[in-house]
Amino acid sequence: MTELRLTQPDDLHVHFRDGDYLATTVPATARQFARAIAMPNLAPAVTTLEAITAYRQRIMAQVPAGVPFQPLMTLYLTDHTEPALILEGARQGLIHGCKLYPAGATTHSHEGVTDIRYLDAVLQAMSDSKIPLLLHGEVTDPAIDVFDREARFIDKVLTPLLLRFPALKIILEHITTEEAVQCVQQGPATLAATITPHHLLLNRNDLLVGSIKPHYYCLPILKRAQHQQALIKAAISGNPKFFLGTDSAPHVIHKKESSHGCAGIYSAHAAIEFYAEVFEQYQALSRLEGFSSHFGADFYGLPRNTKQIILEQEDWEVPAVLSFGNDSLKPFWAGQTLRWRLRHDG
Ligand code: DOR
Ligand code: ZN
């Protein structure tokens with residue numbers, strides 16, 4: 001096969017950042033995707049309807065002319081989020097999801113939630129208005145090993161939550177473990193998960209063997225190969241509970257190559273090509289469209305896209321570096337070859 005036609009995909013989890021950075025991130029995502037769920041972990045976090053509206057406008061200002069891209073906005077949950085805000089945001093069609101960062105779990109999460117039990121009324125309002133809860137699924141207890149934080153979150157937080165809010169749509173974001181795959185497979189129809197390209201293409205040996213690769217550091221951290229295999233199996237399975245969410249999360253080079261390197265991998269420059277690479281390796285290209293273009297929209301209750309994109313088989317090299325505001329950025333797979341390329345006139 002040398003050409004692959006797909007319904008235009010959606011990225012159900014992306015970090016556009018803000019300010020000058022939007023000039024890099026927004027066109028990259030809009031080139032491939034019809035829609036993207038925009039994460040709210042700015043500094044300060046996007047915690048009000050006014051902040052959502054203003055952030056949406058800043059993103060829209062960077063969408064190239066004539067491109068019908070739509071950012072889908074999210075609200076950042078705190079210990080003090082009011083249920084009335086959810087109801088009003090839903091009524092206006094402004095909020096497509098609410099993101100729960102356990103306080104301290106990752107980049108710009110310090111304003112996040114210290115105990116999910118504070119949120120009962122908020123979660124009920126979300127359930128009533130069919131707004132999905134987007135979970136960063138890791139516990140933050142310093143006593144818990146960083147490689148066990150997702151599995152522990154499933155037992156301690158997610159399992160009880162599913163029982164307490166049976167009608168609430170929940171997306172366990174960027175899953176990294178066999179335990180998460182099983183939980184989602186066996187869980188109710190209200191539970192789904194996103195899977196990133198980096199968790200499909202890498203495992204913790206890639207991060208740590210020989211030398212430490214700061215550009216492969218992300219949260220949840222890469223796990224052992226057996227978990228990577230479980231994620232690949234889930235992604236290519238055709239099970240509609242697993243769908244595309246890149247978690248593309250850029251940081252300038254000096255913040256990655258640092259004694260305190262930031263978590264996050266930028267993959268928006270070639271997102272759909274990364275997934276095509278994995279699906280082809282496992283002879284599953286015929287399942288890529290469901291994962292990338294149907295299942296996420298279905299779960300969110302959005303219409304499926306009608307336009308198509310075309311991927312061509314053509315080896316190309318990912319640039320070593322990209323400009324990023326006044327700074328620079330190392331894209332995922334920098335200097336390495338990819339086998340599929342998005343056709344521009346697709
Ligand atoms: O690696 C990550 N980077 N994981 C997250 O959860 C947040 C993200 C970011 O915003 O940098
Ligand atoms: Zn993220």
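We count ligands from 1, going down the list as the structure has it; atoms in each ligand are counted the same way. In this text the structure is predicted, and so the values were computed from the model without any measurement.
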Worksheet item: Between E312 and R341, is the closest basic N to carboxylate O distance under 4.0 Å?
Response: no
Worksheet entry | Minimum heavy-atom distance between P40 and Y76, given as atom pair plus value | O-CD1, 3.5 Å
Fill in: Cationic N near anionic O, under 4.0 Å, R304 to D298
yes
Worksheet item: Does atom NZ of K213 have more than 12 heavy-atom neighbours, drawn from other residues, nucleotides or ligands, at distances under 6.0 Å?
Response: yes
Worksheet item: Is any NZ, NE, NH1 or NH2 atom of the basic residue among E150 and K223 found under 4.0 Å from an Asp or Glu carboxylate oxygen of the other?
Response: no
Fill in: Residues in the immediate environment of ligand 1 (any heavy atom closer than 4.0 angstrom)
H15, R17, N41, T106, T107, H136, H174, C218, L219, D247, A249, H251, A263, G264
Worksheet entry | Every N, O or S from the protein that is nearer than 2.8 Å to the Zn ion (ligand 2) | H13 NE2, H15 NE2, D247 OD1
Worksheet item: Just checking, K241 and F295: is the charged tip under 6.0 Å from the six-membered ring centre and within 45° of the axis?
Response: no
Without placing hydrogens or testing angles, list every side-chain donor-acceptor pair under 3.5 Å for residues 153-165, not counting sequence neighbours.
| from | atom 1 | to | atom 2 | distance (Å) |
| --- | --- | --- | --- | --- |
| T159 | OG1 | I154 | O | 2.7 |
| R164 | NH1 | D120 | OD1 | 2.7 |
| R164 | NH1 | D120 | OD2 | 3.4 |

Item to complete: Could you list the residues that satisfy side chain to side chain contact (heavy atoms under 4.5 Å, CB included) with S323, not counting sequence neighbours?
Response: none
Worksheet item: Any side-chain donor-acceptor pair under 3.5 Å between N203 and H227?
Response: no
